[in-house]
Amino acid sequence: MTKTLTRLDRKFFARPTVEVARELLAKNIHFRDKVARVVETEAYLGPEDLASHARFNSRKRNQIMFGSAGYVYVYFTYGMYHMLNIVAEEEGQAGAVLIRAVEPVSNVELATNGPGRLTRAMGITMQENGVDLVGSEEFWVEDSGSVPEEIMETSRVGIGYAGEYRDKLWRFYVKGNPFVSRV
DNA sequence: AGGATGATATCC
DNA sequence: GATATCATCCTC
């Protein structure tokens, strides 16, 4: 009997972004030889969400957010950090989930308690922008069957400019997990 | 509290 | 073309 990895399929990602963000907790991200368990996420919606990159409508950088679910959206910010996002929603509807923190499972040595840190620890760069997590040989998400202990919902980090969307409870993390980026 | 360090949005 | 801003992290 071969080992059975339950890779998340297109249907998992092609749902409302907030739902996908919550359910990505406790899933395992595989990138090449590295494996890490998601412990913190944030949902970024379409043009109406004043905190989302999609608020500028479809541009060169963010067009992936308007495309098919299950694709990787990586962007570079503050001159040093890569941010890992996974596209959600049906085709043509913008939305993506920012992975803010993961817990090392295999071959991950550096700190992973923050969006800039986890990409550095796993070696994720702009090279991965546009990769299809449903079809790639070296980048995918696995449903290990484990369930998050207790899920916390708070407002998102670093988006104080977003008006009424500042207070949306679209940040999710595993309560008490030591790898969450902050309380 | 402030600096790093580059891409992008939004002005002139 | 210039400048302000950034879904951050590190050092002081």
(request) Please determine, by modelled atom types, if Gln63(A) and Ser58(A) share a side-chain donor-acceptor pair under 3.5 angstrom. (result) no
Hey, are [X] and [Y] close enough for a salt bridge, meaning a charged N less than 4.0 Å from a carboxylate O?
X: Glu149(A); Y: Lys175(A); answer: no
X: Lys11(A); Y: Glu23(A); answer: no
X: Arg32(A); Y: Glu128(A); answer: yes

(message) Ring of Tyr44(A), cation from Arg156(A) - is the NZ or CZ under 6.0 Å from the centre and inside 45° of the axis?
(response) yes
(message) Is the terminal nitrogen or CZ of Lys168(A) (NZ for Lys, CZ for Arg) located under 6.0 angstrom from the six-membered ring centre of Tyr165(A) and within 45° of that ring's axis?
(response) yes
(message) As a check on the pairing definition, encode DNA chain C in dot-bracket form, counting Watson-Crick and G-U wobble pairs whose two distances are under 3.5 Å, and using | for partners outside this strand.
(response) ||||||.||||.
(request) Mind checking the CE-CZ spacing from Met80(A) to Arg120(A)? Nearest 0.5 Å is all I need. (result) 10.5 Å
(message) Out of the candidates Ser144(A), Pro104(A), Ser146(A), only one should pair with Arg37(A) under the side chain to side chain contact (heavy atoms under 4.5 Å, CB included) rule; please name it.
(response) Ser146(A)
(message) Tell me whether the rings of His53(A) and Tyr73(A) are parallel (<30°), tilted (30 to 60°) or perpendicular (>60°).
(response) perpendicular
(message) Using a 4.0 Å cut-off to any heavy atom of chain A, which nucleotides of DNA chain B are the first and last in contact, reading 5' to 3'?
(response) dA4(B) to dT10(B)
(request) Taking atom CD of Glu48(A) as the centre, report whether more than 12 heavy atoms of other residues, nucleotides or ligands fall under 6.0 Å from it. (result) yes
(request) Spell out protein contact along nucleotides 7-12 of chain C as letters: B when the base is contacted, S when just the sugar-phosphate is, - when no protein heavy atom is under 4.0 Å; keep the 5' to 3' order. (result) BBSS--
